[in-house]
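Below: the structure, in structure tokens.
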Amino acid sequence: MEYMVPSVQRAIQALEILATTAEGLSLAELSKRIGVPKSTLFRILTTLKHNSLVNHDEQRRRFTLGIKLLDWGNVALSRIDLKTVAHPHLVRMAHETKQSYYLAILDHYEVILIDRVDTLEIWTMVARLGQRSPVHATASGQVLISDLRPDVLEKIIKRSGLKKYTPRTITSFKKLKQRLQEVKECGYSVADAEYKPDLCALAVPIFDHHSRVAAALMMALPHARTAKNAKMLDGMIEVLKQEAAKISQEIGYQEPKDEIE
């Protein structure tokens with residue numbers, strides 16, 4: 001703390017306070033909130049304004065955040081490596097639960113795994129890193145395409161088809177759309193023996209700073225285990241949701257704020 005510069009700390013406080021209001025604040029209001037004299041704060045705000053970090057509406061006599069902060073934020077977000085952020089979460093979950101976890105993205109109309117932490121029980125059942133899987137028959141794929149526009153979804157299905165892999169595979173476009181609506185509403189997908197007869201997969205979305213589905217966080221179990229104990233899935237889905245929420249926040253996602261009536 002002894003190396004902190006008071007004027008820089010006050011500038012940061014001013015920016016943080018301005019970030020909480022769209023209407024902006026007057027010099028007097030900011031001075032009162034930060035607890036510094038108006039003359040001192042005015043010099044700080046003038047410096048921030050000169051560097052496009054705050055705007056000053058001279059007619060309304062109010063300060064607001066400047067566009068430069070948006071530029072900086074976008075640069076920071078673009079440098080975030082999803083795999084680097086998510087990997088420690090996968091390792092910790094695998095260690096704590098003794099289950100297998102995966103990170104998947106959508107690439108050229110197919111699912112591709114970009115990270116994995118396996119148990120020996122699951123190692124041979126799931127595609128290797130870089131290998132591709134169909135969107136319609138996998139939990140990750142269903143999550144990744146659940147929020148797509150109808151025309152984009154139709155384009156993907158026309159190109160990739162709805163190949164039948166097991167008796168449980170969805171091969172009807174109507175049924176697929178119904179499943180995707182369910183996935184979107186409940187926030188997760190369960191594909192039990194839909195791609196491989198011996199595999200049950202659970203997946204939830206990871207959202208980026210644009211509130212778009214950026215990736216899917218998935219866990220895999222032997223079908224035989226889930227067939228004997230269907231209730232076990234509820235707890236595992238909750239674990240996935242909680243961890244995906246943390247990863248989403250780390251890559252810039254912000255939960256929508258409830259509107260105050």
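Keep in mind that what you see is a predicted model, and the values were worked out from it rather than measured.
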Subject >> Presence of salt bridge, Asp118 and Arg116, under 4.0 angstrom >> reply: yes
**OP:** Determine the minimum heavy-atom distance between Val204 and Val143, stating which atoms define it.
**Re:** C-CG1, 3.8 Å
Original post:
So how far is it from Lys158 NZ to Lys155 NZ, rounded to the nearest 0.5 Å?
Top reply: 11.0 Å
Subject >> Atom pair NE2/OG1 of His223 and Thr166 - distance to nearest 0.5 Å >> reply: 9.0 Å
Original post:
Is a donor on one side and an acceptor on the other found under 3.5 Å between the side chain of Lys83 and the backbone of Ile114?
Top reply: yes
Original post:
What is the ring orientation for Phe63 with His56, classed by angle as parallel under 30°, tilted 30 to 60°, or perpendicular over 60°?
Top reply: parallel
Subject >> Sub-4.5 Å side-chain heavy-atom contact between Glu16 and Ile12 >> reply: yes
Subject >> Side-chain donor or acceptor of Ser248 paired with backbone N/O of Phe207 under 3.5 Å >> reply: yes
Subject >> Rounded distance [0.5 Å steps], OG in Ser172 versus CZ in Arg179 >> reply: 12.0 Å
Original post:
Do NZ/NE/NH1/NH2 and the carboxylate oxygens of Asp147 and Arg212 come within less than 4.0 Å?
Top reply: no
Original post:
For Gln249 and Glu255, does a side-chain donor sit closer than 3.5 Å to a side-chain acceptor?
Top reply: no
**OP:** Would you sort out whether Gln9 and Gln13 count as a side chain to side chain donor-acceptor pair (under 3.5 Å), showing the intermediate values?
**Re:** CA-CA 6 Å; Gln9 181 63 27; Gln13 285 180 281; 4.7 Å; no
**OP:** Would you please test His89 and Glu250 for side chain to side chain donor-acceptor pair (under 3.5 Å) and show each step?
**Re:** CA-CA 11 Å; His89 292 267; Glu250 289 183 41; 2.8 Å; yes
**OP:** Ignoring hydrogens and angles, state whether a donor on the side chain of Gln254 or His209 is under 3.5 Å from an acceptor on the partner side chain.
**Re:** no
**OP:** Take Glu110 and Leu106 through the test side-chain contact (heavy atoms from CB on, under 4.5 Å) and record every step on the way to the result.
**Re:** CA-CA 6 Å; Glu110 293 176 302; Leu106 188 65; 5.9 Å; no
Original post:
Closest heavy-atom contact between Ser189 and Val183?
Top reply: CB-CG2, 3.8 Å
Original post:
Are any of the side-chain heavy atoms of Met219 and Met236 separated by less than 4.5 Å?
Top reply: yes
Subject >> From Leu18, Thr64, Leu48, residue fulfilling side-chain contact (heavy atoms from CB on, under 4.5 Å) relative to Asn55 >> reply: Thr64
Original post:
Ignoring hydrogens and geometry, is there a side-chain-to-backbone donor-acceptor pair from Thr47 to Arg43 under 3.5 Å?
Top reply: yes
Original post:
Just by modelled atom types, is the Leu27 backbone N or O under 3.5 Å from a matching donor or acceptor in the Ser31 side chain?
Top reply: no
Original post:
Rounded to the nearest 0.5 Å, how far does CG of Leu113 lie from OG of Ser133?
Top reply: 6.0 Å
Subject >> Gln178 side chain to Glu182 side chain, donor-acceptor N/O pair below 3.5 angstrom >> reply: no
**OP:** Using distance alone, with no hydrogens and no angle criterion, decide if His87 and Asp115 have a side-chain donor and acceptor under 3.5 Å apart.
**Re:** yes
**OP:** Please report the shortest heavy-atom distance between Ala214 and Asp208, naming the atom on each side.
**Re:** CB-CB, 3.9 Å
**OP:** Determine yes or no for a side-chain-to-main-chain donor-acceptor pair under 3.5 angstrom, with Arg60 supplying the side chain and Ser26 the backbone.
**Re:** no
**OP:** Taking the side chain as every heavy atom from C-beta outward, state whether Leu148 and Val213 have any pair of such atoms under 4.5 Å apart.
**Re:** no
